[in-house]
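Model, not experiment: these values are computed from the prediction.
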Amino acid sequence: EFHEVKPTEGKFKCCFRMYLLWLVDFSSTEYAPFADLYERACQAGSYYSMRDDEVQSFTAGVTMPSVSIANAREIGEIDQPSIRVYGGKRPAVLWNQAFDVVCRQPFELQHFPFDHQPLRMELQQNDSITWDLFDLSVAIVQFKQPVLRLPDWRMLEPEVVRGSPPHKN
């Protein structure tokens, strides 16, 4: 949800929920201590939602993807992270959390106040240790109805730029 767009200040503010999903091998050394969560998901027939204490234990015990918004000026957590474990033939973990963020955005104002600009949220993986473990891909982008009703609203396809950081070349 977009709260405000301030072209003259070069920023916009929005509220969003980030979901991170990755496949897990619960027989591996790293994830084996949490195999009981996988068993609960299988018993439930789909997934198991971790309690807050389990989330803390899990995030402290395994390598987690570290993702940030590169063009964020300010970021605030709206809620605590929650994690689901999915059972079945392809076990997976789904982490999610809601944020309020103010993003930097250069606006090329040619015909103010009638300009239109794409708003960019630049997601990146932060931790070089996890670059080979996790693949950051944008799968779904959802917006609340009020945004979709704006007269100048147009959804652009997410742009994925892959590559090595400059210091790895």
Side-chain angles (χ1 to χ4, degrees), residues 1-3 12-104 119-145 147-148 155-169:
E1 178 178 2
F2 290 94
H3 298 292
F12 67 91
K13 183 177 181 179
C14 67
C15 167
F16 75 100
R17 181 167 294 277
M18 184 182 303
Y19 294 87
L20 302 175
L21 175 74
W22 65 97
L23 298 177
V24 174
D25 177 3
F26 281 99
S27 65
S28 71
T29 306
E30 182 176 21
Y31 287 94
F34 304 100
D36 63 314
L37 301 174
Y38 170 71
E39 293 301 324
R40 291 182 202 167
C42 291
Q43 290 170 0
S46 180
Y47 66 87
Y48 172 72
S49 292
M50 291 186 199
R51 298 184 315 264
D52 290 342
D53 61 316
E54 292 170 326
V55 169
Q56 289 179 346
S57 175
F58 185 84
T59 57
V62 302
T63 304
M64 297 286 295
S66 178
V67 177
S68 69
I69 301 170
N71 62 327
R73 278 187 179 174
E74 304 167 25
I75 190 160
E77 297 176 352
I78 294 174
D79 61 8
Q80 295 300 310
S82 69
I83 298 179
R84 285 183 178 178
V85 174
Y86 287 86
K89 294 180 182 177
R90 297 185 60 182
V93 170
L94 177 68
W95 173 97
N96 81 85
Q97 187 172 13
F99 299 93
D100 261 326
V101 64
V102 176
C103 291
R104 290 186 302 275
L119 301 179
R120 301 178 66 91
M121 288 181 66
E122 300 169 6
L123 300 176
Q124 69 180 16
Q125 283 183 276
N126 301 338
D127 188 350
S128 62
I129 294 170
T130 66
W131 287 339
D132 295 331
L133 300 175
F134 302 103
D135 179 30
L136 177 61
S137 297
V138 176
I140 298 171
V141 178
Q142 293 180 313
F143 295 94
K144 292 185 177 181
Q145 282 294 329
V147 170
L148 301 176
M155 181 68 187
L156 301 177
E157 184 175 331
E159 179 183 333
V160 178
V161 179
R162 297 193 191 290
S164 295
H167 72 278
K168 283 195 142 190
N169 292 334

Rounded distance (nearest 0.5 Å) linking atom CG of Leu37 with atom OG of Ser49: 11.0 Å
Could you pull out the closest heavy-atom pair between Val67 and Met18, with the gap in Å? CG1-SD, 3.9 Å
If you round to the nearest 0.5 Å, how far is CE of Met64 from CD1 of Ile83? 4.5 Å
Applying the side chain to side chain donor-acceptor pair (under 3.5 Å) test to Ser66, which of Asp127, Asn126, Thr130 qualifies? Asn126
On a heavy-atom basis, which atom in Ala41 and which in Gly87 lie closest, and how many Å separate them? CB-N, 3.5 Å
Write down the atom of Phe58, the atom of Val93, and the distance for their closest heavy-atom approach. CZ-CG2, 3.8 Å
Per the ring pair (Phe, Tyr, Trp, His ring centres under 6.0 Å) rule, what does the pair list look like for residues 60-98, sequence neighbours excluded? Tyr47-Tyr86
To the nearest 0.5 Å, atom NZ of Lys13 lies from atom SG of Cys103 at 11.5 Å
For Ser46, give me all partners under side-chain hydrogen bond (donor to acceptor under 3.5 Å, both in side chains), at least two apart in sequence or on another chain. none
Does Asp36 have any side-chain hydrogen bond (donor to acceptor under 3.5 Å, both in side chains) partners at least two apart in sequence or in another chain, and if so, which? Arg40
Specify whether Phe134 and Trp22 have parallel, tilted or perpendicular ring planes, treating 30° as the upper limit for parallel and 60° as the lower limit for perpendicular. perpendicular
At their closest point, which heavy atom of Cys15 faces which heavy atom of Ile78, and how far apart are they? SG-CD1, 3.4 Å
Output for pair (Leu123 CG, Ile69 CD1), nearest 0.5 Å, gives 6.0 Å
Indicate the atoms forming the closest heavy-atom contact of Val55 with Pro81, along with that distance. CG1-O, 4.1 Å
Spatial distance of atom CD1 (Ile129) from atom OG1 (Thr63) [nearest 0.5 Å]: 8.0 Å
Gly88 to Tyr38 - nearest heavy-atom pair and separation: O-OH, 2.8 Å
Backbone N or O of Glu77 within a donor-acceptor pair of the Gln97 side chain at under 3.5 Å? no
Using modelled atom types and a 3.5 Å cut-off, is there a donor and acceptor pairing between side-chain atoms of Arg104 and backbone atoms of Ala70? yes
side-chain contact (heavy atoms from CB on, under 4.5 Å) between Glu54 and Phe34, intermediate numbers included: CA-CA 9 Å; Glu54 292 170 326; Phe34 304 100; over 6 Å; no
